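Remarks on the structure that follows.
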2 protein chains.
Amino acid sequence: MSDKKLSLQLDFHSGLPIYTQIVNQIQNQLANKIIQPGDQLPTVRALAEELRVNFNTVARAYRILDEARIISTQQGRGTYITEIPPPEVSEKLRHESFSALTKRFIAEAFRLGFSEREIRQMVRDRLQLHKEAADKDNE
Amino acid sequence: MSDKKLSLQLDFHSGLPIYTQIVNQIQNQLANKIIQPGDQLPTVRALAEELRVNFNTVARAYRILDEARIISTQQGRGTYITEIPPPEVSEKLRHESFSALTKRFIAEAFRLGFSEREIRQMVRDRLQLHKEAADKDNE
DNA sequence: AATTCAATGATACAATTAGTACAATATCAA
DNA sequence: TTGATATTGTACTAATTGTATCATTGAATT
């Protein structure tokens, strides 16, 4: 885990928006292995102060990188470079975690004394609730 | 009474809050029989030190598990895995606990990127496996 | 010059974790 | 048994982090 200081050079006259420059340079530093998966990035406020910009500008850059799955921002905790998604392994791992997760869920449900039928019913119910909650968000 | 060491692996970059990871992993270890009803869990301070985390974070995880009736925390005494089936626990609480468990499971499955259909399919599959394993035990 | 709109800034908020003091219980010696 | 001390969980607060929303600015367009 490298902890090299993130040293970004902004050009305020280039015409490129600050947030775009931040996005690009972080991608560059990642490409050049100056920063690595797992590394914590400066907080939005720390980087903003260093660059003499508003922290919302940094937050905007982070959000773009987050949406691109390049970094992972976590409210209250910080921002981290996403672990490499190993192209072919990730899908396998993803399924394995899912399978294990489900196994644990079922074991716990049985421990609580519920039957196979009740488990399926509860999964249906909660999936329905989940869907309704998601719909509400889109209103 | 098993006294196997509770060995939790935290991922500080996973996006999942620490307290959530603690909750999940304790449930896992319970589901996998690594810890059993009646077992005493590490004290909030001991586990916190082991995980290099503030003890309030552990306390928060314990409180969630306590509310789900999975563990029983007792001020001045310690924290224990609830005996099964919780004799004094009402049917209502049992269902609430089940509902909360299912909700967590579904949220985690979605976080892993699986669809409603895939979740239902996986639950079916693992229920089948569970049944087969149980049959084998009776041979 | 007026309008528009993207970029940035200001402010308030929410989530997570840490710090500190306290209350309940256990332990043990007198 | 009683009292002192240690241990354990609880409550409340503070600090740190990212998020959401709206206001301001400034350059491009008309």
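Residue numbers start from 1 in every chain, and the chains themselves are labelled A, B, ... in the order their sequence lines are given, proteins ahead of strands. Fair warning: this is a prediction, and the values are worked out from it, not measured in the lab.
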State whether the number of non-hydrogen atoms from other residues, nucleotides or ligands found under 6.0 Å of A/Gln9 atom CD is greater than 12. no

The side chain of A/Arg60 is closest to which nucleotide in this list: C/dA10, C/dT17, C/dA7? C/dA7

Contact state string [nucleotides 13-30 of chain D, B base, S sugar-phosphate only, - no protein heavy atom under 4.0 Å]: ----BBBBB---------

Mind checking salt bridge (charged side-chain N to carboxylate O under 4.0 Å, His left out) for A/Arg45 and listing every partner two or more places apart, or none if nothing turns up? none

Rounded interatomic separation in angstrom, taking CZ from A/Arg52 and C1' from C/dG9: 16 Å

Name all residues meeting the side chain to side chain donor-acceptor pair (under 3.5 Å) criterion together with B/Ser72; count only those two or more places apart in sequence or in a different chain, and write none if there are none. B/Gln74

Spacing between B/Leu51 atom CG and C/dA18 atom P, to the nearest angstrom: 11 Å

Partner set under ring pair (Phe, Tyr, Trp, His ring centres under 6.0 Å) for B/Phe105, not counting sequence neighbours: A/Phe105

Whole angstrom is fine here: how far is it from CD in B/Glu49 over to P in D/dT8? 12 Å

Contacts of B/Gln21 that satisfy side chain to side chain donor-acceptor pair (under 3.5 Å) - sequence neighbours left out: B/Ser14

Between C1' on C/dA21 and CG on B/Asn54, what's the gap in Å once rounded to a whole number? 14 Å

I'd like to check the salt bridge (charged side-chain N to carboxylate O under 4.0 Å, His left out) partners of A/Glu116; sequence neighbours left out, ordered by chain and number. A/Arg120, B/Lys131

Whether B/Tyr19 contacts C/dT17 is assessed here as follows: a side-chain N or O lying under 4.0 Å from the phosphate OP1 or OP2. Is that the case? no

Between B/Tyr80 (OH) and D/dT7 (P), how many Å, whole number? 15 Å

